[in-house]
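In this text the structure is predicted, and so the values were computed from the model without any measurement.
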Amino acid sequence: MALRLYNTMSGGKEPFEPLVPGKVGMYVCGVTVYDYCHIGHARANIVFDVIYRYLKYAGYDVNYVRNYTDVDDKIINRANERGISSKALSEEFIKAFDEDMAALGLERPTHEPKATEYIEQIVALVATLVDKGIAYESGGDVYYAVEKFDNYLKLSKRNMDEMQAGARIAPGEQKRNPMDFALWKAAKPNEPAWESPWGPGRPGWHIECSAMSSSLLGDSFDIHGGGKDLVFPHHENEIAQSEGASGKPFVKYWMHNGFVNINQEKMSKSLGNFFTIRDILEKYDPEVVRFFILSAHYRSPIDFSDKNLEDAKAGLTRFYEMLQAADEIIASNPATKAVCPEIKDEEREIFDRVEMMEEKFAEAMDDDFNTALALGNLFDVVRALNRLLGEKRFDDCPLSLKVLADGVKKLRRLGAVLGFFASDPTDWLEKQKSDALQDGDLSAEQIEGLIAERKQARVDKNFARADEIRDELDEKGVILLDSREGTSWKLK
RNA sequence: GGCCCCGUCGCCAAGUGGUAAGGCAGCGGUCUGCAACACCGUUAUCACCAGUUCGAAUCUGGUCGGGGCCUCCA
């Protein structure tokens with residue numbers, strides 16, 4: 001089954017057929033750089049990171065553009081509050097954004113343009129719209145006349161009359177129609193400004209995306225993405241600008257990710273439940289955050305809560321523990337040419353499961369990037385490989401070893417498409433332990449000391465004392481795991 | 001008020017016409033000196049009502065409940 005994706009424009013899933021076979025042009029709205037990014041930005045960027053990775057995995061040559069909007073009212077206001085230039089402020093938060101995305105393990109897009117580097121193209125685009133009579137100059141501002149564009153509001157499926165009833169003209173604006181929006185704003189004191197045919201000024205919000213996307217992807221391209229909240233007005237206005245200017249269809253597939261709620265409530269600054277990516281990464285491993293986000297479909301709302309993050313951590317730990325066990329077995333069992341005496345039915349089943357892994361993964365991802373289903377399929381593989389590990393037949397059945405090695409390799413390759421399992425399992429698991437110990441009153445040394453004492457007690461067959469130590473540690477959240485190689489520990 | 005979305009096991013979450021994936025938690029086993037891990041088994045008829053259909057969680061209408069957008073927002 002080929003890739004199908006949900007198109008906001010049509011409201012349904014459609015087969016994915018790029019404009020140019022084998023190639024994909026994809027534009028995702030980045031951030032306005034005036035503050036630190038929050039968990040909602042994390043979701044949007046992780047979702048499109050996975051879409052980017054999967055398209056490449058599926059064999060497409062992807063041109064992925066994600067912009068920085070570095071000129072905007074909010075930037076100007078914030079910069080003035082702090083008494084620094086807009087440029088200094090935006091540079092500060094571009095750097096912060098890059099750091100956050102790197103911490104979350106995102107791949108870099110093909111292009112990461114900044115609005116201020118495309119002023120020339122923006123001015124040219126506005127001029128084209130003015131020449132075509134779609135936009136008009138008014139007191140140094142330039143506005144888009146929405147009634148000149150027949151398809152306005154087709155993406156958000158709104159009604160012009162009803163929208164106008166609620167629309168207002170802000171003080172200082174000189175629009176003909178309340179629904180018109182600014183393409184260019186005349187310069188005011190203490191604002192960054194560039195020369196233009198309408199006098200010094202700066203771009204409005206929306207026009208930068210039209211200019212950057214056409215410069216880097218052409219007038220028409222395949223996928224345009226962003227958060228659901230951008231459907232109106234941002235994306236609606238982009239369509240009006242781009243199609244109004246070029247006369248060609250702008251975007252073939254519109255994709256929008258759902259919101260992140262905090263403990264069942266909408267995330268908002270007024271509720272004080274605003275978490276930045278930095279706050280979250282203090283407490284949770286970045287891969288756990290990614291796992292949490294990808295365990296739901298990208299269009300569904302997700303609820304950010306401690307419980308949900310703990311669940312995600314438990315799930316990811318299950319993968320890493322299996323990988324760790326498998327790595328140890330593979331490292332300690334050199335491949336031989338011996339032939340298995342016989343293959344059990346259960347083993348046959350496991351082998352099939354590994355065999356089917358890629359197909360099942362693609363099936364899930366092809367269905368509008370269903371990462372939740374894809375992860376569920378990978379969990380099935382974990383159970384299968386754990387069974388194989390439990391059989392302990394690696395001495396007399398090299399085929400089992402081969403299947404295990406093959407399974408682990410495939411699991412890592414597919415995991416990488418979702419951005420998982422890049423760490424060494426032992427390193428990752430150790431890091432979770434040491435991070436968790438930070439909050440407790442027990443050190444690793446103390447735990448090791450008690451383990452040594454218990455080991456002696458067990459040698460002495462003093463099981464009462466051995467159990468006492470186990471219980472004592474258990475109360476503090478430390479679980480002991482005895483094995484042939486000795487005793488290790490983990491945290492609840 | 002307009003437009004849109006959602007309501008699946010204790011929790012999270014797939015599933016858009018053919019008799020409910022997966023994870024976490026729970027319970028019963030195997031393993032273990034005891035445990036843990038792992039494995040095996042076990043736990044739902046899909047908010048409610050009425051329709052369409054041979055057949056619906058999946059389609060239609062209605063009821064109740066929750067949420068989003070309409071102003072800056074991923």
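Comparing the same atom, C1', in B/rC6 and in B/rU16 gives a spacing of 14 Å after rounding to whole Å. Only the P atoms considered, B/rG41 is 38 Å distant from B/rA50, to the nearest whole Å. Between the C1' atoms of B/rU19 and B/rA56, the separation comes to 10 Å (whole Å). The separation of B/rG33 from B/rC27, taken at their C1' atoms, amounts to 25 Å, rounded to a whole angstrom. B/rA21 and B/rU43 have their P atoms separated by 11 Å, with the value rounded to a whole Å. Between B/rG15 and B/rC9, the two C1' atoms lie 15 Å apart (nearest whole Å). Separation of the P atoms belonging to B/rA20 and B/rU30 is 31 Å when rounded to the nearest angstrom. Across the C1' atoms, B/rU45 and B/rC40 are found 26 Å apart, a figure rounded to whole Å.
In this entry the distance linking CD of A/Gln324 with P of B/rA38 reads 12 Å, nearest Å. In this entry the distance linking CG of A/Leu230 with P of B/rC4 reads 20 Å, nearest Å. The separation between A/Lys433 atom NZ and B/rC37 atom C1' is 13 Å, rounded to whole Å. B/rU16 atom C1' lies 12 Å from atom CG of A/Asn370, rounded to whole Å. Between the CG atom of A/Leu389 and the P atom of B/rC31 there is a distance of 19 Å, rounded to whole Å. For the pair A/Leu153 CG and B/rC4 P, the interatomic distance rounds to 13 Å; values are reported in whole Å. One interatomic measurement links the two molecules: CD of A/Glu310 to P of B/rG23, which rounds to 19 Å at whole-angstrom precision. Between the P atom of B/rU16 and the CG atom of A/Leu373 lies a distance of 9 Å, rounded to the nearest Å.
In this model, the phosphate group of B/rC34 is not approached by any side-chain N or O of A/Arg458 to a distance below 4.0 Å at OP1 or OP2. Dashed line: the shortest gap from a side-chain N or O of A/Ser300 to OP1 or OP2 of B/rA14 is under 4.0 Å. Contact check, A/Lys266 against B/rC69: a side-chain N or O comes under 4.0 Å of OP1 or OP2. Checking the phosphate oxygens (OP1, OP2) of B/rC39, a side-chain nitrogen or oxygen of A/Asn386 falls inside 4.0 Å.
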Full working for side-chain hydrogen bond (donor to acceptor under 3.5 Å, both in side chains) between A/Gln324 and A/Trp428
CA-CA 10 Å; A/Gln324 182 184 41; A/Trp428 190 85; over 6 Å; no
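A 3.5 Å limit on both hydrogen-bonding distances identifies B/rC40 as the Watson-Crick or G-U partner of B/rG28. As the counterpart of B/rG33, no nucleotide is assigned, since no Watson-Crick or G-U wobble pattern has both distances under 3.5 Å. Pair check for B/rC9 finds none; no Watson-Crick or G-U wobble contact set falls under 3.5 Å. In a base pair of the Watson-Crick type (N1 to N3 plus N6-O4 or O6-N4) or a G-U wobble (N1-O2 and O6-N3), with each distance short of 3.5 Å, B/rA50 is matched with B/rU60. Base pairing analysis places B/rA20 opposite nothing; no Watson-Crick or G-U wobble pair with both distances below 3.5 Å involves it. Both distances falling under 3.5 Å, in either a Watson-Crick or a G-U wobble arrangement, place B/rG1 opposite B/rC70. Across all strands shown, nothing is found opposite B/rA14 as a Watson-Crick or G-U wobble partner with both distances under 3.5 Å.
Contact of A/Arg470 with B/rA35 (side chain to base): a donor-acceptor pair of N or O atoms is detected under 3.5 Å. Side-chain N/O atoms of A/Arg158 and base N/O atoms of B/rC70 include no donor-acceptor pair closer than 3.5 Å. Interface remark: the A/Arg318 side chain does not form any donor-acceptor pair with the B/rG23 base, using a distance-only criterion of under 3.5 Å. For B/rC34, its base sits under 3.5 Å from the side chain of A/Asp482 at one donor and acceptor pair at least. At a cut-off of 3.5 angstrom, counting only N and O atoms as typed in the model, there is no donor on one side facing an acceptor on the other between the side-chain of A/Asn261 and the base of B/rG67. Residue-to-nucleotide contacts include a donor-acceptor pair under 3.5 Å from the side chain of A/Arg454 to the base of B/rG33.
Here A/Phe379 does not count as stacked on B/rG22, because the ring centres are not under 5.5 angstrom apart with planes under 30°.
Taking the ring axis of A/Phe16 as reference, the NZ or CZ atom of A/Arg4 does not stay both within 45° of it and closer than 6.0 Å to the ring centre. Both tests hold for A/Lys74 against A/Tyr34: distance to the six-membered ring centre under 6.0 Å, angle to the ring axis within 45°. Taking the centre and axis of the six-membered ring of A/Phe48, the NZ or CZ atom of A/Arg66 falls outside the cone set by 45° and 6.0 Å.
The closest donor-acceptor contact from the side chain of A/Arg393 to the backbone of A/Ser400 lies at 3.5 Å or more, if one exists at all.
A/Val65 has its side chain out of reach of A/Met26: every pair of non-hydrogen atoms, C-beta onward, lies at least 4.5 Å apart.
Between the side chains of A/Asn370 and A/Tyr298, no donor-acceptor pair of N or O atoms lies under 3.5 Å.
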